[in-house]
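Please read all numbers here as calculations on a predicted model, not as lab measurements.
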Amino acid sequence: MNGQRPVLVIGHIEKPSVEVVAKAAAEVGIPYHVARPVVGDALPPLQDVAGVIVLGGPQSAYDVDNHPYLVEEKAYIAAAYDAEVPTLAVCLGSQLAAEALGGHALAGDNGLEVGFIDVKAVEDAGTSLEGRFFSFHSDTMVPPPSAVTLAVSDRYVQAWSSGSVLAIQFHPDLDRAGIETLLGFEGDKLASFGVDVPALRQELAATAPSPGERLVVDWLQTLRAASSLRS
């Protein structure tokens, strides 16, 4: 991996879950670097990265008064789009990408979408975007005018693309352990919203390994083959 530019992973908590990205990067043979603007990490110049992965987080993409660093993140995503730098935006990342490219994020009209959801690919978008995936969000987004919708659930757009940006609202970045950790942190909050956390844990225990993890591998493999990765 000497001489290769890393994939930048933008996290939104102090210790973001990057296990799936780490395993996928090792499998594909790509280095990665984690930056967390939420704790003051600087985002590197775009010319120094091969691609960008923007992870989820508890923030709202539109709440820049309380989270001013999100302004910089949106500008960074827009610049990556203009420079055709491959960008994978997940959950909060997809909402930031929507706002960066002319769409917008908003509070979900039906409240929380937490748990395993059925995602259906739109037309010929690709079977890798169809399946039962883990979702954890209360905000959602209206994709930008330039976007092509790739997948939907019964309630929301779940995946869209525009140029070099692929945005996914569910969580291909979390494996079983990552979901367990998330439920551990957020269990009391979810229960206060009426989510049956024990039932969700039972479903997690009975669920086969998520196909979502392969989405990260597939995206990195595509990036690995792209000319942007050449040293």
Side-chain angles (χ1 to χ4, degrees), residues 1-18 20-57 59-64 67-105 141 143-148 150 159-169 171-173 215-231:
M1 292 188 281
N2 291 337
Q4 291 185 3
R5 289 173 290 168
V7 173
L8 172 66
V9 181
I10 300 176
H12 295 100
I13 58 177
E14 184 177 354
K15 295 181 179 180
S17 176
V18 297
V20 168
V21 173
K23 291 177 183 177
E27 178 178 335
V28 176
I30 295 178
Y32 72 94
H33 166 69
V34 179
R36 303 151 304 154
V38 66
V39 295
D41 292 347
L43 297 175
L46 277 169
Q47 61 265 30
D48 292 344
V49 303
V52 181
I53 298 176
V54 190
L55 299 178
Q59 302 86 344
S60 291
Y62 46 80
D63 188 10
V64 296
H67 309 289
Y69 52 87
L70 295 179
V71 175
E72 178 189 9
E73 289 191 34
K74 293 177 194 178
Y76 196 84
I77 293 169
Y81 173 84
D82 290 340
E84 300 183 343
V85 175
T87 301
L88 175 63
V90 176
C91 198
L92 169 60
S94 70
Q95 297 155 18
L96 290 168
E99 294 223 328
L101 303 185
H104 61 276
M141 76 263 171
S146 60
V148 175
L150 301 177
W160 55 268
S161 66
S162 180
S164 61
V165 176
L166 172 60
I168 297 175
Q169 187 153 254
H171 276 283
D173 58 312
L215 289 177
V216 180
V217 174
D218 292 345
W219 184 82
L220 288 174
Q221 285 177 332
T222 299
L223 186 149
R224 179 71 177 82
S227 59
S228 63
L229 194 60
R230 297 171 187 166
S231 58

What heavy-atom pair brings [X] and [Y] nearest, and what distance separates the two atoms?
X	Y	value
Thr87	Ala80	OG1-CB, 3.6 Å
Pro37	Gly11	CD-O, 3.9 Å
Val217	Ala24	CG2-CB, 3.6 Å
Ser94	Gln169	OG-CA, 3.9 Å
Pro144	Ala98	CD-CA, 4.0 Å
Leu223	Pro86	CD1-CB, 3.8 Å

Going through the checks in order, is the side chain to side chain contact (heavy atoms under 4.5 Å, CB included) test met by Leu220 and Glu27? CA-CA 9 Å; Leu220 288 174; Glu27 178 178 335; over 6 Å; no

Show, in sequence, the C-alpha distance, side-chain angles and deciding distance for Leu96 and Met141, and conclude whether the side chain to side chain contact (heavy atoms under 4.5 Å, CB included) test is met. CA-CA 9 Å; Leu96 290 168; Met141 76 263 171; over 6 Å; no

Atom CD of Gln47 with >12 non-hydrogen neighbours under 6.0 angstrom: yes

Could you tell me the separation between the [atom1] atom of [X] and the [atom2] atom of [Y], rounded to the nearest 0.5 Å?
X	Y	atom1	atom2	value
Trp160	Leu166	CH2	CG	9.0 Å
Tyr76	Leu70	OH	CG	15.5 Å
Gln95	Gln59	CD	CD	10.5 Å

Please assess Tyr62 against His104 for the test side chain to side chain contact (heavy atoms under 4.5 Å, CB included), listing each intermediate value before the final yes or no. CA-CA 8 Å; Tyr62 46 80; His104 61 276; over 6 Å; no

When Pro172 is tested against each of Leu88, Val90, Val20 for side-chain contact (heavy atoms from CB on, under 4.5 Å), which residue passes? Val90

Can any side-chain N or O of Ser164 pair as donor or acceptor with the backbone N or O of Val85 at less than 3.5 Å? yes

Taking Arg36 for its side chain and Glu14 for its backbone only, find out whether a donor-acceptor pair lies under 3.5 Å. yes

Do the non-hydrogen side-chain atoms of [X] and [Y] ever get within less than 4.5 Å of each other?
X	Y	value
Val9	Pro16	no
Leu43	Leu8	yes
His12	His67	no
Ile77	Lys74	no

Under the criterion side chain to side chain contact (heavy atoms under 4.5 Å, CB included), I'd like the reasoning laid out for Ile53 against Tyr32: C-alpha separation, chi angles, the key distance, then a yes or no. CA-CA 10 Å; Ile53 298 176; Tyr32 72 94; over 6 Å; no

